[in-house]
Amino acid sequence: MKKLAILGSTGSIGMQTLEICRNHPELVVKALAAGSRIDLLESQIREFAPELVCVFKEEAARELAVKVADLPVRIVSGMEGLIETAASSDADILLSAVVGMVGIQPTIAAMKAGKDIALANKETLVTAGHIILPLAKECGARLLPVDSEHSAIFQCLQGNQGNSIAKILLTASGGPFRGKKKEELVNIRPEDALKHPNWSMGAKITIDSSTMVNKGLEVMEACWLFGVKPDQIQVVVQPQSIIHSMVEFEDGAVMAQLGTPDMKLPIQYALYYPERKYLPGKRLDFYDLTEIHFEKPDLQNFPGLALAFDAFCCGGSMPTVYNAANEWAVAQFLQRKIGYLTIAESIQAAMEQHSVKKDPDVEEILVTEKETYEFLNRRYGQGIL
Ligand code: NDP
Ligand code: MG
């Protein structure tokens, strides 16, 4: 039996994780958390019977408590509740699939409480990797990647521990606007950017995939998880999303992990690592697969990727500025308050005005996030977040 706490259970990754639990009764759900979608949470509580549930929004948490008053479940709310949900149940493993920097503190709390972490929430590593990695070592917590590229790299490294990585080939689909020039991207609307060619995901990461900011976040995530430098990462566009990433070793051998695009594979691998379990679904047919093709990423028309390399090389609080500016801009874009190209522009503007703090602690990371939002609100005259 393996006991799980799931943060972000109503989201794309969270629901796919529950689907895996449904097929594997030995995976027992002890705690769940979400932002505000209480109808879905209620049905999850009735099906999986967790002991503890957090709804971030206090009012929604109160409403949910009334709905499930007939059940032996405790409902908590806010950041305190989220931290408690991540750390206090007797779960062995925390699957963190919340979106954004809200994941930092619960992840830290869960590691301190001795839990392994299956991490989908890449924003936590991007902004606090310098805290998370040493802490995982100190606490003996395993950090198991859920992001498909990082899971692929992790799978390629099995049996190769001790051999140093020459290069990581981080694959990217290129998103729905691959091949388009800036002039053609100016008038992109949220509904255009929300259509990903290969993956069905939450709104924020779908926009991030279209701007290549997702790949930028993944470059930073890979640097932390695999202890490589940014110049050891080569982003390779592979539009069919069949190769999920590759590792080149010192002798020139390249290992790759391939499969049909299905997030349940990396989620299940993280939950059962190092075991592999049967996963229903479509298999690759190499006779059908007439070609896999590769391209260089277009850094001119998708500047979000190059800015990520700059942010990571600068280090300290700069990756937080990159990430926070992107979170701000994506939220604004989804509300039609800024244009599509302003997403990357906002990141660049926020990075240019920032004075880097070296080795920021969690409080300084959160202050940097707030200052970045304030800067962008002033600059673009908006008032959200
Ligand atoms: P979704 O938007 O689909 O889901 C986000 C989840 O987080 C929802 O359950 C949402 O709850 C919850 N949430 C949001 N804010 C809070 C909060 N303040 N407190 C508690 N819960 C909150 O996102 P995805 O599942 O697509 O992505 C989740 C993470 O995984 C992201 O970091 C993403 O980058 C990463 N990832 C996702 C992949 C994918 O295929 N989807 C692939 C690789 C990585 P509610 O529904 O109530 O708002
Ligand atoms: Mg990914």
Donor-acceptor pair, side chain of S317 and main chain of K357, under 3.5 angstrom: yes
Aromatic rings H150 and F226: how do their planes relate, parallel, tilted or perpendicular, breaks at 30° and 60°? parallel
Can you confirm whether D285 is buried at CG, in the sense that more than 12 heavy atoms of other residues, nucleotides or ligands lie under 6.0 Å from that atom? yes
Residues E184 and K182 bridged, charged N to O under 4.0 Å: no
If you count heavy atoms of other groups shown closer than 6.0 angstrom to NZ of K370, is the number above 12? no
Any side-chain to backbone donor/acceptor pair from D116 onto A141? Under 3.5 Å, distance only. no
Is there a side-chain contact between I83 and Q105 in this structure, where contact means two heavy atoms from C-beta onward sitting under 4.5 Å apart? yes
Less than 3.5 Å apart, any donor N or O on the side chain of H354 or E352 sitting next to an acceptor on the other? no
S346 and W328: which non-hydrogen atoms are nearest, and at how many Å? OG-CZ3, 3.8 Å
What about Y340 and F177, are their ring centers closer than 6.0 Å? yes
Between the side chains of E84 and R74, is the shortest nitrogen-to-carboxylate-oxygen separation below 4.0 Å, so that they form an ion pair? yes
Please examine the side chains of M15 and S12, heavy atoms only from C-beta on, and report whether any two atoms are closer than 4.5 Å. no
What distance do N121 atom CG and I104 atom CD1 have between them, rounded to the nearest 0.5 Å? 8.0 Å
Does a side-chain N-to-carboxylate-O contact under 4.0 Å join E191 and R336? yes
In terms of heavy-atom contacts, S245 and I153 come closest through CB-CG1, 3.8 Å
Below 30° counts as parallel, above 60° as perpendicular, anything between as tilted: where do the rings of F154 and Y269 land? perpendicular
So, the side chain of K115 versus the backbone of A86: is there a donor-acceptor pair under 3.5 Å, distance only? no
More than 12 foreign heavy atoms under 6.0 Å from CD of Q158: is that the case here? yes
Which value, rounded to the nearest 0.5 Å, describes the distance between L95 atom CG and L144 atom CG? 10.0 Å
Less than 4.0 Å between a side-chain N and a carboxylate O, is that true for K67 and D39? yes
Among I165, N163, N160, which one satisfies side-chain contact (heavy atoms from CB on, under 4.5 Å) with V247? I165
Answer whether the closest heavy-atom distance between the side chains of V53 and V76 falls below 4.5 Å. no
Is the number of heavy atoms from other residues, nucleotides or ligands under 6.0 Å of E80 CD greater than 12? no
Between K122 and E218, does any NZ, NE, NH1 or NH2 come within less than 4.0 Å of an OD or OE carboxylate oxygen? yes
Over all heavy atoms of both residues, which pair between T85 and G81 is shortest? Give the atoms and the distance, please. OG1-O, 2.6 Å
Report the distance from atom NZ of K358 to atom SG of C314, rounding to the nearest 0.5 Å. 9.0 Å
Can you confirm whether V213 sits close enough to Y322 that some side-chain heavy atom of one is under 4.5 Å from a side-chain heavy atom of the other? yes
Could you give me the CA-CA distance, side-chain angles and deciding distance for L18 and V29, then say whether side chain to side chain contact (heavy atoms under 4.5 Å, CB included) is met? CA-CA 8 Å; L18 289 173; V29 177; 3.9 Å; yes
Atom CD in Q240, atom CG in L284: separation rounded to 0.5 Å? 11.0 Å
Can we call the ring centroids of W224 and F312 under 6.0 Å apart? yes
Using side-chain heavy atoms (C-beta onward) and a distance below 4.5 Å, is I233 in contact with L169? no
Option passing side-chain hydrogen bond (donor to acceptor under 3.5 Å, both in side chains) with K167 (candidates Q234, E250, Q232): Q234
Any Lys/Arg nitrogen of D90 or K30 sitting under 4.0 Å from an Asp/Glu carboxylate oxygen of the other? yes
Under a 3.5 Å threshold, yes or no: a donor from one side chain and an acceptor from the other, between S9 and Q44? yes
Between N323 (side chain) and L217 (backbone), is there a donor-acceptor pair under 3.5 Å? no
T206 to A193 - nearest heavy-atom pair and separation: CG2-O, 3.6 Å
CA sep, side-chain torsions, deciding dist, call: L307, M318, side chain to side chain contact (heavy atoms under 4.5 Å, CB included): CA-CA 10 Å; L307 286 167; M318 197 56 101; over 6 Å; no
Under a 3.5 Å distance rule, please check whether T171 uses its side chain to pair with a backbone N or O of H244 as donor and acceptor. yes
Side-chain donor or acceptor of K2 paired with backbone N/O of L271 under 3.5 Å: yes
Could you go through the salt bridge (Lys or Arg N to Asp or Glu O under 4.0 Å) check for D288 and K282 one step at a time? CA-CA 12 Å; D288 275 355; K282 210 169 157 236; over 6 Å; no
Output yes when a side-chain donor or acceptor of D361 lies under 3.5 Å from a complementary backbone atom of E363, and no otherwise. yes
Determine whether a donor-acceptor pair (N or O, by modelled atom type, separation under 3.5 Å) exists between the side chain of K337 and the backbone of A331. no
Go through the steps to decide whether K296 and V237 satisfy the test side chain to side chain contact (heavy atoms under 4.5 Å, CB included), and finish with yes or no. CA-CA 6 Å; K296 279 187 184 172; V237 176; over 6 Å; no
Give the minimum heavy-atom separation between E369 and T320, together with the two atoms involved. N-CG2, 4.1 Å
Given 3.5 Å as the limit, does a donor-acceptor pair link the side chain of Q238 with the main chain of I242, or not? yes
Side chains of R62 and K57, heavy atoms from C-beta outward: is any pair under 4.5 Å? no
Do any N or O atoms from the side chain of N301 and from the backbone of D298 form a donor-acceptor pair under 3.5 angstrom? no
Given H24 and Q268, is the side chain to side chain contact (heavy atoms under 4.5 Å, CB included) satisfied, shown in steps? CA-CA 10 Å; H24 296 274; Q268 187 171 289; 3.5 Å; yes
M79 vs P106 side-chain heavy atoms within contact, under 4.5 Å: yes
Using only heavy-atom distances, determine whether the side chains of E26 and Y272 contain a donor-acceptor pair under 3.5 Å. yes
Side chains of T127 and T368 in contact at under 4.5 Å (non-hydrogen atoms): no
Looking at K264 and D262, does any basic side-chain N land under 4.0 Å from a carboxylate oxygen? yes
Please determine if E138 and K112 form a salt bridge, counting it only when a charged side-chain N lies under 4.0 Å from a carboxylate O. no
Search all heavy atoms of S96 against all heavy atoms of L119 and return the closest pair with its distance. CB-CD1, 4.0 Å
